[in-house]
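One is the number of the first residue; the rest follow in order along the sequence.
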Amino acid sequence: MAPPSISPTQDTICVLGKSNSRVYFDRAMNLAFHDLTPDKSMPQAAREVLGLNLKFIETPRFTTGGQTIYDAFERFDRDVLLKTFFAGQPEDLTRTYHPKMYVKSIWTPPLKYIPSTVKTRINRFHKAIKKVFVRKHGKPNLHRYQSRLLARIRRMKNILIYVRDALKHLQDESVYRALSKDEAEAEAKITADLIRKWCRDYDEVVDEGMIEFIRSKLKETASDPFGYFYLLYKIHKTPASTRPVCSDCSSVTNALGKFVDIAASSLLFQKLLRT
């Protein structure tokens, strides 16, 4: 720490003189960061981390290896066994398939139906991959001061700007209505029951795979049937404002919504062809 008697300019010279040249020259430029907290409580150097782009990901402490490789092997082996088992067989055209609405099968062909040469090649591939992907310390893509700064920001508990801005929208009674936990769960149950009834009523009309997909998603969302609310900041406005987004991803209505989107798109396409 520099003595308090020296000027800010001299303090800056001392800090830069003791710093590694990479910290000064090897750094991203034109970083975009906006401190929207009302009291400007973010650290002054927050731009050095939070301005690195939304797609920036900090390098993990350790490289890929260990259990991660074995999990990948399971999927790879199953894909190879399936392609080997069904090789040369005619495709089943009696059942339609849509990539957005299908229940993934977990069936794996019995090994007794797989040629020994294929199993031998899979084992050799495993051994070769294990030699390449050895778990070791990763090479960091952040400087030490950036890592410490990021850890400090994670520990900050007084950044409530997101909650404050979200409440501005949620307290608008002309758009939103507050429900108790019991009321919300009751509404979700009614919605799920209506979807199940719809599946029974149109079971013979709608594709079997789509019906199966909708029913499976109802089971998956039983414990958490609600969507998610989040904000998009419009920083080009003065003052900065927010746009609310209500996402139904992983909600009880998401699967049925996918079907409606596919059906509506198909009807529109057919209409355009006729015109």
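Remark: Ile122 CD1 to Phe76 CZ distance equals 6.5 Å, nearest 0.5 Å. To the nearest 0.5 angstrom, Leu149 atom CG is 7.0 Å from Leu50 atom CG. The distance from atom NZ of Lys130 to atom OH of Tyr70, rounded to the nearest 0.5 Å, is 3.5 Å. Taken from CZ in Arg135 to OG1 in Thr64, the straight-line distance is 10.0 Å, to the nearest 0.5 Å. For the atom pair Leu81 CG and Ile114 CD1, the distance stands at 5.0 Å (nearest 0.5 Å). Note: Phe133 CZ to Thr68 OG1 = 10.5 Å, rounded to the nearest 0.5 Å.
When hydrophobic clusters are built by joining Ile, Leu, Val, Met, Phe, Trp and Tyr residues whose side-chain heavy atoms come closer than 4.5 Å, directly or via intermediates, Val245 is grouped together with Tyr176. Under a hydrophobic-cluster definition in which Ile, Leu, Val, Met, Phe, Trp and Tyr are linked whenever side-chain heavy atoms come within less than 4.5 Å, directly or via other members, Tyr102 and Trp107 are assigned to different clusters. In terms of hydrophobic clustering, with Ile, Leu, Val, Met, Phe, Trp and Tyr side chains grouped at heavy-atom distances under 4.5 Å, Leu232 and Leu170 are assigned to a common cluster. Note on Ile195: it clusters hydrophobically with Ile262, by side-chain heavy-atom contacts below 4.5 Å among ILVMFWY residues.
A donor-acceptor pair is defined here as one N or O able to donate and one able to accept, closer than 3.5 Å; no such pair exists between the side chain of Asn254 and the backbone of Gly227. Remark: the backbone N or O of Glu48 is paired with a side-chain donor or acceptor of Gln146 at under 3.5 angstrom. Counting only distance, with no hydrogens or angles, the side chain of Arg148 and the backbone of His143 share no donor-acceptor pair below 3.5 Å. The backbone N or O of Arg78 sits nowhere less than 3.5 Å from a side-chain atom of Thr108 that would complete a donor-acceptor pair. Under a 3.5 Å cut-off, the side chain of Asn123 and the backbone N or O of Lys119 do form a donor-acceptor pair.
Relative ring orientation between His126 and Phe73 is described as parallel, the plane-to-plane angle staying below 30° on a 0-90° scale split at 30° and 60°.
Here the closest heavy-atom approach between residue Ala192 and residue Val252 is recorded as CB-CG2, 3.9 Å. Between Ala166 and Phe229, the shortest heavy-atom distance links the atoms CB-CE2, 4.0 Å. Closest of all the heavy-atom pairs between Lys139 and Thr59 is O-CG2, 3.3 Å. Across all non-hydrogen atoms, the minimal contact from Thr221 to Ser251 is CG2-O, 3.6 Å. Across Gly138 and Thr63, no two heavy atoms sit closer than the pair CA-CG2, 3.9 Å.
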Please report the C-alpha distance between Phe259 and Ile211 in whole Å, then the side-chain angles of each, then the deciding distance to 0.1 Å, and finally whether the side-chain contact (heavy atoms from CB on, under 4.5 Å) criterion is met. CA-CA 9 Å; Phe259 169 77; Ile211 292 292; over 6 Å; no
Arg196 vs Asp193, test: salt bridge (Lys or Arg N to Asp or Glu O under 4.0 Å). Steps then yes/no. CA-CA 5 Å; Arg196 292 190 186 94; Asp193 291 340; 3.0 Å; yes
The test is salt bridge (Lys or Arg N to Asp or Glu O under 4.0 Å); show your working for Arg177 and Glu187 and say whether it passes. CA-CA 13 Å; Arg177 181 166 62 94; Glu187 292 290 339; 5.3 Å; no
Audit row: Asp207, His98, side-chain contact (heavy atoms from CB on, under 4.5 Å) steps and yes/no: CA-CA 10 Å; Asp207 177 70; His98 198 283; over 6 Å; no
Please determine whether side-chain contact (heavy atoms from CB on, under 4.5 Å) holds for the pair Cys246 and His169, giving the CA-CA distance in whole Å, both sets of side-chain angles, and the decisive distance to 0.1 Å. CA-CA 11 Å; Cys246 298; His169 296 283; over 6 Å; no
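Within 6.0 Å of the CZ atom in Phe62, the count of heavy atoms belonging to other residues, nucleotides or ligands exceeds 12. Within 6.0 Å of the CD1 atom in Ile57, the count of heavy atoms belonging to other residues, nucleotides or ligands does not exceed 12. Residue Gln89 qualifies as enclosed at atom CD: its count of foreign heavy atoms under 6.0 Å is above 12. Counting non-hydrogen atoms of neighbouring residues, nucleotides and ligands closer than 6.0 angstrom, the CZ atom of Phe56 exceeds 12 such neighbours. Other residues, nucleotides and ligands place no more than 12 heavy atoms under 6.0 Å from the OH atom of Tyr228. At most 12 heavy atoms of other shown residues, nucleotides or ligands fall within 6.0 angstrom of atom NZ in Lys83.
Applying the salt bridge (Lys or Arg N to Asp or Glu O under 4.0 Å) test to every pair with at least one member in residues 218-234, sequence neighbours left out, gives these pairs: Lys217-Glu220.
Looking only at side-chain heavy atoms (C-beta outward), Pro109 and Leu82 come within less than 4.5 Å of each other. The shortest side-chain heavy-atom distance between Ile214 and Met101 falls under the 4.5 Å cut-off. For the pair Arg215 and Asp203, the minimum side-chain heavy-atom distance is below 4.5 Å. Looking only at side-chain heavy atoms (C-beta outward), Val80 and Phe125 stay at 4.5 Å or farther from each other. Considering only heavy atoms from C-beta on, Lys104 stays 4.5 Å or farther from Phe213 through its side chain. Counting heavy atoms from C-beta on, the side chains of Trp198 and Val206 come closer than 4.5 Å.
Judged as a salt bridge (charged side-chain N to carboxylate O under 4.0 Å, His left out), and not counting sequence neighbours, Glu183 has no contacts.
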